[in-house]
S.K.: 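After the structure tokens below, expect a handful of questions from me.
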Amino acid sequence: MNIFKKKVHKIDKENLPRHIGIIMDGNGRWAKKRGMPRALGHRAGANTLKTIATFCDEIGIEALTVYAFSTENWKRPKGEVDNLISLLAEYLSKAEEELGGKNVVIKVIGDLKPFSDDLRRLIFETEELTKNNTGMTLNIALNYGGRAEILSAVKSIIKSGIPADGLEEKHIDEYLYTKGNPPVDLIIRPSGEMRLSNFLLWQCAYAELWYSDVLWPDFTTKHMLEAISDYQKRNRRYGGV
Ligand code: FPP
């Protein structure tokens with residue numbers, strides 16, 4: 001048995017988080033520490049995503065949602081925004097090799113209106129190519145904001161004509177980008193920040209939060225196992241006793 005398999009045996013396969021959210025933070029600081037441009041930090045972060053998504057699929061996680069570009073990230077210098085978007089396009093165009101393996105279903109969630117037709121076509125093609133896969137769903141949040149997502153769900157609900165008195169939480173679930181995925185069980189944020197930053201606000205109502213000082217490009221399967229193992233020690237009471 002190799003070391004990797006031994007470590008995986010430390011987690012309880014019957015009590016895995018079904019849906020994990022990751023705020024992939026710290027790419028810029030990782031690059032700065034090495035005297036490199038921030039763009040290389042994002043590229044290193046994208047490589048980490050490949051490792052972690054592949055690993056999550058292998059151990060049986062049902063859904064992984066990663067924050068790649070928030071509605072607030074437009075405030076960054078244009079060069080960095082352009083770089084992030086072209087990096088994403090590069091990875092999407094080789095999705096099967098570079099984003100979690102051949103079995104993963106890839107979805108890009110967020111408001112895609114501001115992006116070019118080319119990028120939207122690439123997103124559509126990637127989703128089509130992977131939609132019949134049978135493994136984990138990898139949601140890549142792009143131009144994503146939790147409040148904007150809830151607002152858009154509310155608008156769609158009003159348009160659908162559901163009467164206010166008949167409205168239930170499950171209706172909101174059905175209009176979110178993550179429709180069909182289980183609720184988020186675990187949110188991971190590396191790099192020492194302890195905020196949700198407008199990520200999956202509705203979906204993580206009862207999520208366990210796990211933080212670490214490690215910067216995202218340095219995040220490994222060892223950290224993922226640590227996060228899952230900590231999650232398995234939590235006593236989830238959902239408001240009960
Ligand atoms: C936050 O770190 C990270 C982002 C805004 C971008 C995350 C994107 C990637 C990891 C690449 C995604 C690629 C694919 C293929 C989905 P930061 O830049 O704010 O770091 P800092 O806080 O150290 O400056």
Side-chain angles (χ1 to χ4, degrees), residues 4-5 7-24 46 48-68 91-92 95-110 123 126-142 144 146 149-150 153 169-190 196 199-210 212 216 219-238:
F4 176 77
K5 282 200 174 135
K7 282 183 187 157
V8 171
H9 281 181
K10 286 194 180 155
I11 56 171
D12 174 2
K13 288 292 205 83
E14 303 305 313
N15 181 27
L16 286 173
R18 295 179 65 197
H19 187 168
I20 299 178
I22 304 184
I23 302 176
M24 304 184 290
T48 299
L49 173 58
K50 173 185 175 176
T51 308
I52 296 302
T54 308
F55 179 69
C56 286
D57 179 50
E58 279 170 9
I59 62 172
I61 303 299
E62 288 173 53
L64 173 67
T65 301
V66 294
Y67 214 176
Y91 272 72
L92 283 177
E96 289 198 330
E97 300 83 50
E98 297 300 336
L99 278 176
K102 292 213 179 301
N103 209 26
V104 166
V105 177
I106 295 178
K107 290 195 178 148
V108 178
I109 64 169
I123 290 170
T126 310
E127 291 181 338
E128 282 295 302
L129 177 75
T130 63
K131 74 176 182 194
N132 294 323
N133 287 348
T134 54
M136 181 183 80
T137 297
L138 172 63
N139 297 311
I140 300 175
L142 183 63
Y144 173 89
E149 180 186 30
I150 294 169
E169 290 185 3
K170 69 173 185 206
H171 295 124
I172 298 191
D173 285 328
E174 280 161 20
Y175 282 95
L176 297 176
Y177 297 125
T178 50
K179 174 182 184 232
N181 295 147
V184 175
D185 289 316
L186 174 63
I187 290 281
I188 293 177
R189 184 164 193 163
L196 281 178
F199 188 47
L200 300 173
L201 296 182
W202 177 273
Q203 296 88 332
C204 70
Y206 283 101
E208 298 295 325
L209 309 179
W210 192 86
S212 160
W216 174 247
F219 193 94
T220 63
T221 53
K222 180 178 93 47
H223 299 106
M224 185 48 100
L225 284 170
E226 229 174 275
I228 293 176
S229 169
D230 280 0
Y231 163 86
Q232 293 182 332
K233 290 180 201 133
R234 308 268 177 101
N235 180 6
R236 303 183 82 197
R237 291 187 298 278
Y238 297 96

S.K.: Show the nearest heavy-atom pair for residues A68 and I140, with the distance to one decimal.
M.R.: CB-CG2, 3.8 Å
S.K.: For A141 and Y144, which heavy atoms make the closest approach, and how far apart are they?
M.R.: CB-CB, 3.6 Å
S.K.: Under the side chain to side chain contact (heavy atoms under 4.5 Å, CB included) test, which residues partner E127, sequence neighbours left out?
M.R.: K107, V108, I123
S.K.: Using every non-hydrogen atom in the two residues, find where L176 and A153 come nearest and quote the distance to one decimal.
M.R.: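 Closest heavy-atom pair between L176 and A153: CD2-CB, 4.0 Å.
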S.K.: Which atoms form the tightest heavy-atom contact between G135 and V105, and what is the distance?
M.R.: O-CG2, 4.3 Å
S.K.: Can you find a pair of side-chain heavy atoms, one from T130 and one from L99, that are under 4.5 Å apart?
M.R.: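 No - every pair of side-chain heavy atoms lies 4.5 Å or more apart.
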S.K.: Is a side-chain N or O of R189 found less than 3.5 angstrom from the main chain of L209, in a donor-acceptor match?
M.R.: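 Absent.
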S.K.: Can any side-chain N or O of Q203 pair as donor or acceptor with the backbone N or O of T178 at less than 3.5 Å?
M.R.: no
S.K.: Can you tell me how far CE of M224 sits from CG of L64, rounded to the nearest 0.5 angstrom?
M.R.: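 Reported value, rounded in 0.5 Å steps: 6.0 Å.
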S.K.: Could you state the interatomic distance from OH (Y67) to CG (N139), rounded to the nearest 0.5 Å?
M.R.: 13.5 Å
S.K.: Going by side-chain hydrogen bond (donor to acceptor under 3.5 Å, both in side chains), H19 matches just one of T65, N181, T137, D185. Which one?
M.R.: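 Going through the options one by one, the only one that passes is T65.
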S.K.: Side chain to side chain contact (heavy atoms under 4.5 Å, CB included) with D57: which residues, sequence neighbours excluded?
M.R.: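 D57 satisfies side chain to side chain contact (heavy atoms under 4.5 Å, CB included) with N103, V104, M136 once adjacent residues are dropped.
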S.K.: What is the distance from atom CG of L186 to atom CD1 of I20, rounded to the nearest 0.5 Å?
M.R.: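 One finds 5.0 Å between CG of L186 and CD1 of I20.
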S.K.: Return the CG to OG1 distance between L138 and T126, rounded to the nearest 0.5 Å.
M.R.: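 Here the rounded value is 11.0 Å.
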S.K.: Answer yes or no: is there a side-chain heavy-atom contact under 4.5 Å between T51 and T220?
M.R.: no
S.K.: Applying side chain to side chain donor-acceptor pair (under 3.5 Å), name anything that partners E128, two or more places apart in sequence or on another chain.
M.R.: K131
S.K.: Starting from the C-alpha separation in whole Å, work towards a yes-or-no answer on side-chain contact (heavy atoms from CB on, under 4.5 Å) for V66 and I52.
M.R.: CA-CA 11 Å; V66 294; I52 296 302; over 6 Å; no
S.K.: Between P17 and I228, which heavy-atom pair has the shortest distance, and what is it?
M.R.: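 That closest heavy-atom pairing would be CD-CG2, 3.9 Å.
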S.K.: In Å and rounded to the nearest 0.5 Å, what is the CZ to OG1 distance from F55 to T48?
M.R.: 14.0 Å
S.K.: Return the OH to CD1 distance between Y91 and I106, rounded to the nearest 0.5 Å.
M.R.: 12.5 Å
S.K.: Looking at N15, is its backbone amide N or carbonyl O close enough to the side chain of Y231 to form a donor-acceptor pair, meaning the two atoms are under 3.5 Å apart?
M.R.: no
S.K.: Should K102 and E96 be marked as a salt bridge (charged side-chain N to carboxylate O under 4.0 Å, His left out) after you check the CA-CA gap, both sets of side-chain angles, and the distance that decides it?
M.R.: CA-CA 5 Å; K102 292 213 179 301; E96 289 198 330; 3.5 Å; yes
S.K.: Between W202 and I150, what is the shortest heavy-atom contact and its length?
M.R.: CB-CD1, 3.9 Å
S.K.: Fit a plane to each ring of F219 and W210, take the angle between them on a 0 to 90° scale, and name the class: parallel (under 30°), tilted (30 to 60°) or perpendicular (over 60°).
M.R.: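 Rings of F219 and W210: perpendicular, as their planes differ by over 60°.
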S.K.: Got a salt bridge between E226 and K222, using NZ or NE/NH1/NH2 to carboxylate O under 4.0 Å?
M.R.: yes
